[in-house]
2 protein chains.
Amino acid sequence: MPPDVDSRTAILDAAERLFAERGYAATTIKQIGTAAGVNSALLYYYFADKERLYHDVLQRLLGTLMAEGERVFAAARSREEAIRGLVRVQGELMVSKPHVPRLIARELVDHKAAHVSGLMAQLAAGVFKRLCEMIREGQDSGELRDDLDPQFAAVSTIAQVVYFHIARPAVGILLGHGTDGPPEAVARAYTVHAADFAIAALSAQPARAPRKRRKP
Amino acid sequence: MPPDVDSRTAILDAAERLFAERGYAATTIKQIGTAAGVNSALLYYYFADKERLYHDVLQRLLGTLMAEGERVFAAARSREEAIRGLVRVQGELMVSKPHVPRLIARELVDHKAAHVSGLMAQLAAGVFKRLCEMIREGQDSGELRDDLDPQFAAVSTIAQVVYFHIARPAVGILLGHGTDGPPEAVARAYTVHAADFAIAALSAQPARAPRKRRKP
DNA sequence: GTCTATAGGTGGATAGAC
DNA sequence: GTCTATCCACCTATAGAC
């Protein structure tokens, strides 16, 4: 860790990386202390216990991601721009910090998102809700096909990118890049594809008689 | 565990559930023994060590999933039927055995799919490859839009369903069902939606001049 | 604020009786 | 095949010097 950062930040940085790489249970206080360049007992000076440290790591990371999503969405001047912006923000974060998708996946399966339920509720009432409304408006005005559920469509859009990065080793094998996963350039190209795929699904008109809109 | 199953199977069943719920590191040999109704030392009679037991759990589960995927794909008589069949097989497994998506997610992040690399390679050379070829044929014949990369489109199709189940607690909050995740009926409806979404994305013709096909 | 030392508890794995 | 008993290693968290 650089010497010009304070111990608290060094601990948070080291913990973020180690929790993502090894998981909460498999990461020890001593490992975090060593990686942060401080004595392991010092962690208990800054954080109540191991779980509280983990909680703070998540809040710091996902709080900034959400804020960026809000910003991009608010600045968008069209449906397509909004969708592309949201997909790009997610994709960029996960390409530039490859440990992030693993940290997210671990929180989902290890703790059922319990440490980020506040942020998720905020997302549900904020960007996600507005994205759904945006899709429904497009359907009502006839610009988007109306046989897809807006909420499900929003989930599908997000799902593509997050899954690609969580499953990166498996996707690497499928696409012929080996177990280290696809190189960065492919990951970036996939992000663009994901937006294309979602927009294609939404904007297409049904070929024949439109089906009734599904209720979730 | 029922008394009519042998100890080896009881151990595998208990281990599958516990590894999925708590993770590899957080699951103890003693917990598995207790859940299986046998003494924990007996695990070392049937399995070399904890990791080998974990490996065998994965092979048993994903081997059968892959075989079912092969079967459904081979029996399909149209592009749409093949895509719907693959999505349905995945969705059904994850709805009926909710611990499975978590086990898969854990293997991806904890071990980078190392214990299933053989199965993934088999998938890459089998169903996945044929799915990609099928999409490309549809693009060449003009039935599918040709501005999407076939491999990326295949990943997007799969990604929707798997992510929904891995992220079930988060999706539950987003869709207003709480942290326990969406009820079974919603999960089943989403599976149908995912196939609709993929087919809509693939079958739509570009509204204006088609873009050049992207290279991954 | 940062360290040393350690208490108190649990885990994977083995030896060996039956 | 299944069990009891146990070894040794390691972890979280605290006490207390500096």
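Just so we're clear, the structure is a prediction, and the values are computed from it rather than from any experiment. Reminder, nothing fancy here: chain letters follow the sequence lines and each chain counts from 1.
By the salt bridge (Lys or Arg N to Asp or Glu O under 4.0 Å) test, Arg88(B) is found to be paired with no residue, residues two or more places apart in sequence or in another chain being considered. By the side chain to side chain contact (heavy atoms under 4.5 Å, CB included) test, Arg60(A) pairs with Thr9(A), Leu12(A), Asp13(A), Glu16(A), sequence neighbours left out. Judged as a side chain to side chain contact (heavy atoms under 4.5 Å, CB included), and not counting sequence neighbours, the contacts of Thr27(B) are Leu18(B), Phe19(B), Arg22(B), Gln31(B), Ile32(B). With sequence neighbours left out, the side chain to side chain contact (heavy atoms under 4.5 Å, CB included) criterion links Thr34(A) to no other residue. Partners of Arg52(B) according to the salt bridge (Lys or Arg N to Asp or Glu O under 4.0 Å) rule, which considers only residues two or more places apart in sequence or in another chain, are Asp56(B). Contacts of Lys129(A) classified as salt bridge (Lys or Arg N to Asp or Glu O under 4.0 Å), with partners at least two apart in sequence or in another chain: none. Applying the side chain to side chain contact (heavy atoms under 4.5 Å, CB included) criterion to Ser78(B), with sequence neighbours excluded, gives Glu80(B), Glu81(B).
Near DNA chain D, meaning a heavy atom under 4.0 Å from it, residues 18-27 of chain B has no residue at all. Near DNA chain C, meaning a heavy atom under 4.0 Å from it, residues 48-61 of chain A has no residue at all.
For DNA chain C, the contact window with chain B, defined by any atom under 4.0 Å from a protein heavy atom, covers dG11(C) to dT14(C) in 5' to 3' order.
Every pair passing side-chain hydrogen bond (donor to acceptor under 3.5 Å, both in side chains) that includes a residue from residues 153-173 of chain B is listed here, sequence neighbours excluded: Ser156(A)-Gln160(B), Gln160(A)-Ser156(B), Tyr190(A)-Ser156(B), His193(A)-Ser156(B). Within the structure, every pair that satisfies the side-chain hydrogen bond (donor to acceptor under 3.5 Å, both in side chains) test and touches residues 179-188 of chain A, not counting sequence neighbours, is listed here: Glu92(A)-Arg188(A), Glu184(A)-Arg188(A).
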